[in-house]
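Values below: every heavy atom of this structure, side chains too, minus hydrogens, waters and symmetry copies.
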Amino acid sequence: MGVPQAMEALRERAALVRDSLQKSQTITESMVSILGSFDHRLSALETAMRPTQIRTHSIRRAHENIDKTLKAAEIILEQFDLMRKAEAKILRGPHEDLESYLEAIDQLRSIVQFFSNNKSYKSSDGILNHANNLLAKAISKLEDEFRSLLTNYSKPVEPDRLFDGLPNSLRPSATSPGKQGELGSKNHSENQKNLENAVYTPPTLIPPRVLPLLHDLAQQMVQGGHQQQLFRIYRDTRASVLEQSLRKLGVERLSKDDVQKMQWEVLEAKIGNWIHYMRIAVKLLFAGEKKICDQILDGIDSLRDQCFAEVTANSVAVLLSFGEAIAKSKRSPEKLFVLLDMYEIMRELQSEIEYLFGSKSCIEMRESAQSLTKRLAQTAQETFGDFEEAVEKDATKTAVLDGTVHPLTSYVINYVKFLFDYQSTLKQLFQEFDDGDADAQLTNVTTRIMQALQTNLDGKSKQYKDPALTQLFLMNNIHYVVRSVRRSEAKDLLGDDWVQIHRRIVQQHANQYKRISWAKVLFPDLLCSILGWDYELKPDCPRVDVELVAGTGNGGVTFDPPKTCLFPLRN
């Protein structure tokens, strides 16, 4: 094919494409026109339907609002109905049905909360005022109910009920009703050990069935803002009852002047009673008070601790004041053992006191008890010093005519024996002021007392004009001391060396006595007659002349009587 033909064919094809494009443009314009007409129509339709749509939406919203309003109205009506029912229960008071009354109070609080959160409601302020006034009246009635229940079920505990809670060894004896059982000073240490594992049973101060009601009432009063009213009611009621219980037991407030005026026998009995009162008060009464206080005021921690502190404060003060009066009174040797008894009971009760009075509210009572314990220890220690000095300086003119044991000797030995019944207590007492070896301190005290006695006996022996009686007096008294020590626990403390040394001293005085006595007589039968000894003179026993040592006069006798003639000398 030639070029002209090819060009012709190309032109034909271009013309065909141009025609096709023109047709496509025409179709496109037609479609655009059609679509534009549709858009116009739809827009017109939407405009026509908009009022209908608005009305439909409004109706739907109106239905939703009506539903919400009806639900709100139902809730409000329900609140009004609940308040009406609660008001009826409140007006009837708590006596008929306390549980229902407490439920009504809870319901009132819920209603107050509801209207407080929805103050936009019409008349909500008026409803709130009414509900709050009703709630205040309800709490006021609860206050009266709490006071009534607590008062009716709070009665003083009779002594017999308290004694029933004691171990058998501490209960009143059958021969002396109303008095505590005597533990027996002869076995003091053993009794103290037995008491360490003794079981105490606190009395039931308020019936268990009443405690949950009192607890619920207390909770409601606190929630109603009547915390101070609750505190005053509880404190005044329980404190009074506790004090009455102690008075029935025999507790009385005594000052230092009262104590000073008492005869020792009366005071000693009162101290014995006080020891029992302390044990009963702490282990039974205060423990019982702690238990009911914890149950009634459970969940109200600050008020609970404060109430217990205020309830027991005066009773604790009365008990401790007597101990303080004794500790501060004039010291005397006979008071040492009651001071040790008092110190023992304070040590025995120390763990209970720290538990019962462990809160910040009770710190004053806890510190007062600790102070009394220290004061008793200090006074007892000072009494030791007084006793040692009194023994050494005892100036009684009571003469023992026949040279036998002086009353001072037996008094001191009995005193020391009693001290060893209090060994564990004495060691504790020493450690109050000194961390050193308690055994060594007790040994030192005992040795000093024995030395003080010996010094005094030496002085008393010089009252005899007869030198023989001087030696006999010292021999008898020191022998009595040695024999008593050997038969007591003091031997373990003073040691065998002490015993052997003093036995030799006894023998020395015996030898001196024999030497001086034989210097005054020529015949053993005359000596035995003078001294009142039994003797048997054998037929073949020669009479013996006294040999005098030159330059010593009658004091130089060297004669030793034949054992065949006389019975042995008696110690």
Side-chain angles (χ1 to χ4, degrees), residues 79 82-117 119 124-155 205-243 288-314 359-362:
Q79 296 297 317
L82 291 172
M83 187 160 70
R84 179 180 56 79
K85 292 178 180 178
E87 184 173 7
K89 292 178 181 178
I90 297 300
L91 293 176
R92 282 198 298 270
H95 299 290
E96 295 181 6
D97 186 354
L98 180 58
E99 186 176 352
S100 178
Y101 188 87
L102 295 175
E103 290 176 358
I105 290 177
D106 286 334
Q107 192 61 63
L108 273 178
R109 288 202 176 95
S110 177
I111 293 168
V112 169
Q113 184 65 38
F114 174 81
F115 283 105
S116 296
N117 294 336
K119 289 191 175 181
S124 62
D125 290 340
I127 296 169
L128 276 172
N129 289 335
H130 180 67
N132 280 321
N133 289 335
L134 193 59
L135 192 57
K137 291 179 182 178
I139 298 298
S140 180
K141 289 186 178 182
L142 272 189
E143 185 180 316
D144 294 337
E145 183 67 11
F146 182 83
R147 181 186 290 105
S148 176
L149 271 177
L150 189 63
T151 302
N152 289 338
Y153 288 101
S154 292
K155 303 297 180 185
L205 302 181
I206 293 179
R209 62 183 177 81
V210 180
L211 293 173
L213 295 177
L214 289 169
H215 171 260
D216 292 342
L217 289 170
Q219 291 280 2
Q220 293 288 356
M221 288 175 68
V222 170
Q223 291 178 30
H226 286 225
Q227 184 164 326
Q228 287 306 309
Q229 291 90 325
L230 170 63
F231 168 72
R232 284 195 295 271
I233 293 170
Y234 191 92
R235 177 198 62 193
D236 295 346
T237 304
R238 291 305 311 168
S240 174
V241 170
L242 177 59
E243 290 164 21
E289 283 295 339
K290 176 72 172 174
K291 183 177 180 180
I292 64 169
C293 190
D294 287 348
Q295 290 178 288
I296 294 173
L297 302 176
D298 182 36
I300 319 171
D301 294 347
S302 59
L303 186 64
R304 179 191 62 198
D305 295 338
Q306 187 182 5
C307 277
F308 178 72
E310 292 284 341
V311 165
T312 54
N314 191 55
S359 69
K360 290 183 179 179
S361 301
C362 298

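The distance from the CD1 atom of Ile300 to the CE atom of Met221 is 9.5 Å, given to the nearest 0.5 Å. Distance check, rounded to the nearest 0.5 Å: CD of Gln220 to NE2 of His226 gives 11.5 Å. Summarising the geometry, atom CD belonging to Gln223 is positioned 10.5 Å from atom CG belonging to Leu142; distances are rounded to the nearest 0.5 Å. Atom CG of residue Leu205 and atom SG of residue Cys293 lie 11.5 Å apart, to the nearest 0.5 angstrom. Distance check, rounded to the nearest 0.5 Å: OH of Tyr153 to CG of Leu213 gives 8.5 Å. Considering CZ of Phe146 and OG1 of Thr151, their distance stands at 9.0 Å, rounded to 0.5 Å.
Checked for salt-bridge contact, Arg304 and Asp301 meet the test: a charged N lies under 4.0 Å from a carboxylate O. Taking 4.0 Å as the cut-off between side-chain N and carboxylate O, Lys360 and Asp305 do not count as a salt-bridged pair.
The shortest side-chain heavy-atom distance between Glu289 and Arg238 falls under the 4.5 Å cut-off. Between Glu310 and Phe231 there is a side-chain heavy-atom pair separated by less than 4.5 Å. Residues Ile206 and Ser154 form a side-chain contact, since some pair of their non-hydrogen atoms from C-beta on lies under 4.5 Å apart. You'll find the side chain of His215 stays beyond 4.5 Å of the side chain of Leu297, heavy atoms only. Annotation: side chain of Asp294 is in contact with side chain of Lys290 (closest heavy-atom distance under 4.5 Å). Side-chain contact check for Leu150 versus Arg147: every heavy-atom pair is 4.5 Å or farther apart.
Of the possible polar contacts, one joining the Gln219 side chain to the Asp298 backbone as a donor-acceptor pair under 3.5 Å is found. Between the Thr312 side chain and the Phe308 main chain, a donor and an acceptor come within less than 3.5 Å of each other.
In this structure, Val222 and Gln227 approach most closely via the heavy-atom pair CG1-OE1, 3.8 Å.
Evaluation of the side-chain contact (heavy atoms from CB on, under 4.5 Å) rule for Ala309 yields Ser361, Cys362, Met365 as partners, not counting sequence neighbours.
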